[in-house]
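Working notes, structure below.
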Amino acid sequence: MDRQECLSPFLMRINIIGGGPAGLYFAILMKQASPAHQITVYERNGPDDTFGWGVVFSGRTLANLRAADAESHAEITHAFAAWDNVDVVHRDEKISVHGNSFSGIARLELLKILQRRSEQLGVDLRFRTEVPEVEALRTDCDLLLAADGVNSTARREYTNQFQPTLDVRPNRYIWYGTNQLFHGLTLTFRENEAGVFAAHSYKFNQTTSTFIIECDQETWANAGFATLSDSDTRGYLERVFAADLDQQPLLSNNSKWLNFLVVKNQKWFFENVVLLGDALHTAHFSIGSGTKLALEDAIALFECLRDARDITPALAQFETTRQPVIAAYQAAACDSMRWFEQARDFMHLRPIELAYALMTRSGRVSHEDLRRRDPGFIERYEQEQRAGPSS
Ligand SMILES: Cc1cc2nc3c(=O)[nH]c(=O)nc-3n(C[C@H](O)[C@H](O)[C@H](O)COP(=O)(O)OP(=O)(O)OC[C@H]3O[C@@H](n4cnc5c(N)ncnc54)[C@H](O)[C@@H]3O)c2cc1C
């Protein structure tokens, strides 16, 4: 097939590896703009299988989604749990910081909405279809989108072309759910004889909250998790967070201890293959941006391809325009990630000081920003600072 010939904006044959947020949303945008595109999504899992629990978005993302596809935006926002507070729990005291804007949604619910919208538009969704042979798929289309997540097969297959750097971080984390409802983005710190544990939790529907637990390698080793079964691990962590969970169990969804992987790629595309979402870059979950970035990547790539008559300049434009945005997010996420990696160094702080340190950890929220968001919080913080340093 002469690739140049079929690159009219009205007809492209697109193969997508991965039916996560990045792959599905890109399929929706392309198909909605030009129904003649032939788009196939290959997804190894079934339509109802997913990892993780809820994901959180900031207010700004939602405006971008509305402009890109009003139908899926309406459904997504209908399913949202929204809040404006970050709660920091330390030494049994809860400090609330208001004036923020977040929304939570079950990851599965988000995927179901995107799957329905894709099907409605005529995208060919092939579930339970593993792609073992990426090159065969690449040569069979005008554009191959590698939206196959953090452990991307395509990125591995074309490692010389993409030149990825994969940075395995030292902390361990495990992604649970719970029926205890946390009304706000709640960051809870608990210490025991093993070390320091941090939980990132928030309600994402009427009955369930995400509950991610993170600790450093030393704490993890001291607690003996290497040899604990799944239920003993949950039992241990339920005891650590007993005061927060109010007797509600931790719910597992094939939950396992992982090390966060920071993914970057020197090159974002080659010939007709482009990386998107977690396959391209990751941002630590403490800034809650991975899904948002995956969806916004899809919007950015779509905008570059929308009027293109040739793939290469469109993909080059995507890389040039999107790269600085991603670099800024990854820098903020990195500061945040490192803060949690050093959490034990902050445990001497008073609760209000810890909350302040957390809110300003990535250097993107200033003292004056916080005053605007929540004057009462800053007033109390300044008052306690005047009273003297923490012991
Ligand atoms: C603990 C934790 C908490 C998080 N919390 C948040 C949050 O609050 N907010 C937020 O915005 N983000 C959050 N994220 C990040 C978010 O989960 C990811 O950034 C997002 O899922 C990326 O979307 P994606 O489509 O790029 O990849 P994925 O969602 O990983 O989708 C990739 C898909 O590709 C499929 N696949 C992979 N290889 C193949 C193959 N060879 N053949 C066929 N199919 C394949 C996989 O099955 C998967 O469905 C969190 C991540 C973690 C680890």
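Numbers for residues simply follow the sequence, beginning at 1. All figures in this text were calculated on a predicted structure; none of them were measured in a lab. Indexing begins at 1, ligand by ligand and atom by atom, following the structure's order.
Heavy-atom proximity to atom 23 (O) of ligand 1, evaluated over Gly20, Gly277, Pro21, is greatest for Pro21. Among Phe260, Phe57, Tyr173, the residue whose heavy atom sits closest to atom 53 (C) of ligand 1 is Tyr173. Considering each of Trp53, Tyr176, Trp175, the one bringing a non-hydrogen atom nearest atom 5 (N) of ligand 1 is Trp175. Considering Val131, Leu24, Leu110 only, the shortest heavy-atom separation from atom 42 (N) of ligand 1 involves Val131.
Heavy atoms of Tyr202 approach ligand 1 to within less than 4.0 angstrom. The shortest separation from a heavy atom of Arg107 to ligand 1 is under 4.0 Å, placing the residue in contact. Proximity of Thr129 to ligand 1 is established by a heavy-atom distance of less than 4.0 Å.
Every N/O-N/O distance between Ile17 and ligand 1 stays at or above 3.5 Å. For a threshold of 3.5 Å applied to N or O pairs, the pair formed by Ala22 and ligand 1 contains at least one separation below that value.
By the criterion of a heavy-atom distance under 4.0 Å, neither the backbone nor the side chain of Pro132 is placed next to ligand 1. Here Thr153 has side-chain heavy atoms under 4.0 Å from ligand 1, and that is the only part of it that gets that close.
Ranking the protein heavy atoms by distance from atom 32 (C) of ligand 1 puts Ala147 O, 3.5 Å first. Atom 43 (C) of ligand 1 has Arg44 N, 3.2 Å as its closest protein atom, hydrogens excluded (heavy atom only). For atom 37 (C) of ligand 1, the nearest protein heavy atom (residue, atom name, distance) is Asp148 O, 3.2 Å. The shortest contact between atom 16 (C) of ligand 1 and any protein heavy atom is with Thr291 OG1, 3.4 Å. With respect to atom 33 (C) of ligand 1, the closest heavy atom belonging to the protein is Glu43 OE1, 3.5 Å. Closest to atom 6 (C) of ligand 1 among all protein heavy atoms lies Val55 CG1, 3.8 Å. Protein heavy atom closest to atom 34 (O) of ligand 1, with residue, atom name and distance, is Gly18 CA, 3.2 Å. Protein heavy atom closest to atom 18 (C) of ligand 1, with residue, atom name and distance, is Asp278 OD2, 3.3 Å.
In this structure, Asp278 has no salt bridge (Lys or Arg N to Asp or Glu O under 4.0 Å) partners at least two apart in sequence or on a different chain.
Each of Arg116, Lys112, Arg117 was evaluated against Glu75; a single residue qualifies, Arg116, per the salt bridge (Lys or Arg N to Asp or Glu O under 4.0 Å) test.
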Candidate pair His200 and Phe340, rule ring-ring contact (aromatic ring centres under 6.0 Å, His included), full reasoning = CA-CA 11 Å; His200 310 241; Phe340 280 96; 4.6 Å; yes
Begin with the C-alpha distance, continue with both residues' side-chain angles, and end with the deciding distance and a verdict on ring-ring contact (aromatic ring centres under 6.0 Å, His included) for Phe346 and Phe189.
-> CA-CA 10 Å; Phe346 297 98; Phe189 296 85; 9.0 Å; no
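Interface of Tyr42 with ligand 1, defined as ligand atoms under 4.0 Å from a residue heavy atom, comprises 43 (C), 44 (N). Atoms of ligand 1 found under 4.0 Å from any heavy atom of Ser289, numbered from 1 in the order shown, are 10 (C), 11 (O). If you number the atoms of ligand 1 from 1 as listed, the ones under 4.0 Å from a heavy atom of Ile212 come out as 1 (C), 3 (C). Listed by atom number, the atoms of ligand 1 under 4.0 Å from Gly149 heavy atoms are 27 (O), 30 (O), 32 (C). Per-residue contacts place Lys292 under 4.0 angstrom from the following atoms of ligand 1 (heavy atoms of the residue considered): 11 (O).
Val89 and Tyr381 sit in two unconnected hydrophobic clusters of ILVMFWY residues. Membership requires side-chain heavy atoms under 4.5 Å apart, directly or through other members.
His284 places none of its side-chain heavy atoms less than 4.5 Å from the side chain of Arg338. Counting only heavy atoms from C-beta outward, the side chains of Ile299 and Leu29 approach each other to under 4.5 Å.
In this structure a side-chain-to-backbone donor-acceptor pair under 3.5 Å is missing from Asp124 to Thr40.
Residues Phe285 and Tyr173 place their aromatic rings such that the two centres sit under 6.0 Å apart.
Around the CD atom of Glu135, the shell of radius 6.0 Å holds more than 12 heavy atoms that belong to other residues, nucleotides or ligands. Other residues, nucleotides and ligands contribute at most 12 non-hydrogen atoms within 6.0 Å of the CD atom of Gln266.
Using a 4.0 Å cut-off between charged nitrogen and carboxylate oxygen, Arg322 and Glu303 do not count as a salt-bridge pair.
In this structure, Tyr236 and Phe197 have tilted ring planes: the angle between them lies in the 30° to 60° band.
Pairs passing the salt bridge (Lys or Arg N to Asp or Glu O under 4.0 Å) check and including a residue from residues 156-178, sequence neighbours excluded, read Asp167-Arg169, Arg169-Glu341.
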